[in-house]
Structures are given as structure tokens and as C-alpha cells.
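One structure is given here, and the rest of the page talks about it.
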Protein chains: 2
Amino acid sequence: MLVNQKVHFMNATDMPQLDSTFSALSDSTRRAIVARLADGETSLSDLAEPFDMSLTAVSKHLKVLSDAGLVDIEKRGRTRHCRLQGAPIKEAIDWLSKYEAFWIDRFDALARHLAKEEIDK
Amino acid sequence: MLVNQKVHFMNATDMPQLDSTFSALSDSTRRAIVARLADGETSLSDLAEPFDMSLTAVSKHLKVLSDAGLVDIEKRGRTRHCRLQGAPIKEAIDWLSKYEAFWIDRFDALARHLAKEEIDK
DNA sequence: ACTTTACTCAACCAATTAGTTGACTATAAT
DNA sequence: ATTATAGTCAACTAATTGGTTGAGTAAAGT
């Protein structure tokens, strides 16, 4: 019974899509790719150009975004055309919005936390 | 010049706080902890109770949330009292909201992506 | 005083991640 | 026909992650 309760509790928050969405967005290179794609569809090479890393590395980042459903990749001739998909972003916002109450009148909470971190060192 | 452009572009999207916020939220155990703390302040032991893992493991998860500024831990006697902090959540929503446009009239995009994934196998 | 409770800490492990390089394929341009 | 472009793939590496266990500390209850 206790075990069942645990399982039920776990399932209620087990949303693999959120796992992959948040995980994909936890990397600044991938967030930069998302930002870039918001300005319009682009090829992988064009996407990779501003980054100081190999094309292979950017291709891997793009695969992470694609696997998470954040980006749609369409093969057209020898180039891949990448397009931003908003559905996972919406889902992420929906989840985060449930905790909206926790930042009202607490605008300086983060600053305080960071200050405290310095003191605790 | 090209190098400087690259550096500038990178810096514009280099926000370490978002790295740690999204990374912290990419784990379902940690999201469950956040959900639990939204119902009120709790001790670590209480938090850990529903999970099928060691207290040490939950303590580590809590440290990730704390390092990301999502949770504030206050030592009171021998128990740690944990409180949800909304500021990083707000920052995450602010970032995500910039891509709001990409889910309007695309409500079925995720479903299509998942269907395509099946076909591509 | 003793025991239980609420943790922390260090060491370890297996899996994943973020990057690299070198070799390759396929398409497009000359 | 040759060459350049766009990208993939496999193999490797170093660092990080998510979990474990066992030992230890510090506060509270009996």
C-alpha cells in the first residue's frame, strides 16, 4: 500500500516530455539556436556559423532539440532546414505557471539567495 | 572581427542562471519536490518520504534545487526547512515567453512530431 | 546517559553529456 | 568529370549526473 502510494505520487509528476524540454534548454548553445530559429528557418551550416565549435557538435545539439520536439528538421537536397516548434515550450510554460504565486512580491529573492551564497563560502 | 561577432553572439545568450534553472527542472524527482513545496514549507525527511530512493539521493536533488536558487534551505535545530523560491521560475518563464508566437495555431505540432518519430523508425 | 532522528560526508559506480577528430556519403556547382 | 559543400557516422575522451553504501555528527526525546 505504501509502495502503491509512492508509485502513484511518482507517476503524477513523471512527464518525460518536460524532462527532455528542460534538459534541452539547459544548455546556452541550444538556447541560442532556439533564439536564432525564432528569427526564421535556417540550415544547419548557417546555424553553426556563429559558434566556436565543430559542425558535428552543433549537429548533436540540434538532434537534442529535435528529439525534444523543439525543432523540426526537414531534409531538402543536401541541406537540413530547421524550424522552431512551440508546443513543448507551451507545455513548459504551463508547468512553470503553476508556481506563479511564488514570485509575486518576491522580486529580490534571487538576489538575496545569491548574496547568501557568497556569505556561506 | 568575425571572432568578436561570435563572442558577442555567444555572450548575448549566455545566462548561467537559466542553465541551472532548466537543468534543475529537467529531473522528475526535482519537479515533484518543487510541486510538493508549493503546498508549503517542509523538512527534508518529509520531502524524501514518498520517494523510492535514499535520503542522501533526495538531499542531493535538494542541493541542485538550492544551488539553482529554486529552493531556500533553512537549518532549524536538526531539521532543514525547505521553501520554494519563485524568482528563477519567473526568469525561466520570461525567457520562454519570447517564443510564445511559435505555438499559436500549432497546437497539434507536438503530436505530429511524435507521430513522425514513429514513422521514421 | 542512551537512543533515535535528521541529516552530512566521502567514496564509489554506471550512464550520460559535450566536445573532439577522421573517414565517409550525397548533392550541387564548375 | 572534378571539386566543393552539407552533413553523417563511429570512435574516443573528460566531465557531470544520479544513484548507492557505510560511517559519522548533532540535536531531541526518553
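Labels below follow one simple rule: chain letters A, B, ... track the order of the sequence lines, proteins then strands, and each chain is numbered from 1. Note that the structure is predicted; figures quoted are calculated from it, not measured.
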In this structure, how many angstroms lie between the [atom2] atom of [N] and the [atom1] atom of [X], rounded?
X: B:M53; N: C:dC7; atom1: CE; atom2: P; answer: 16 Å
X: B:K63; N: D:dG18; atom1: NZ; atom2: C1'; answer: 14 Å
X: B:F51; N: C:dC7; atom1: CZ; atom2: P; answer: 14 Å
X: A:D52; N: C:dA18; atom1: CG; atom2: P; answer: 17 Å
X: A:E49; N: D:dA6; atom1: CD; atom2: P; answer: 12 Å
X: B:L44; N: C:dC9; atom1: CG; atom2: C1'; answer: 14 Å
X: B:K60; N: C:dC12; atom1: NZ; atom2: P; answer: 13 Å
X: A:D46; N: D:dG7; atom1: CG; atom2: C1'; answer: 13 Å

Is it true that [X] and [Y] make a salt bridge, defined as a side-chain N closer than 4.0 Å to a carboxylate O?
X: B:R31; Y: B:D27; answer: no
X: B:E41; Y: B:R36; answer: no
X: B:E74; Y: B:R83; answer: yes

query = Between B:Q17 and B:T21, does any side-chain donor sit less than 3.5 Å from a side-chain acceptor?
reply = yes
By nearest atom, which of the nucleotides [options] is closest to the [X] side chain?
X: B:R78; options: D:dA10, D:dT20, D:dG29; result: D:dG29
X: A:T79; options: D:dG18, D:dA6, C:dC7; result: D:dA6
X: B:D27; options: D:dG18, C:dA10, C:dG19; result: D:dG18
X: A:R80; options: D:dT8, C:dC7, C:dA18; result: D:dT8
X: A:H61; options: C:dA18, C:dG22, C:dT8; result: C:dA18
X: B:L55; options: D:dT8, D:dA11, C:dT8; result: C:dT8
X: A:S43; options: D:dG7, D:dA10, C:dC7; result: D:dG7
X: A:A57; options: C:dT20, C:dT8, D:dT8; result: C:dT20

Looking at every strand, decide which applies to [X] at a 4.0 Å heavy-atom threshold: base, sugar-phosphate, or nothing.
X: B:R76; value: nothing
X: B:S59; value: sugar-phosphate
X: B:S54; value: base

task = Could you give me the CA-CA distance, side-chain angles and deciding distance for B:S59 and B:H61, then say whether side chain to side chain donor-acceptor pair (under 3.5 Å) is met?
result = CA-CA 5 Å; B:S59 176; B:H61 279 304; over 6 Å; no
message = Check this for me: does the side-chain of B:T56 come within 3.5 Å of the base of C:dC9 through a donor and an acceptor?
response = yes
query = Taking for each residue the nucleotide of DNA chain C bearing the nearest heavy atom, is the 5' side occupied by A:S26 or by A:G77?
reply = A:S26
query = If you count the non-hydrogen atoms of other residues, nucleotides and ligands that lie under 6.0 Å from NZ in B:K63, is the total more than 12?
reply = no
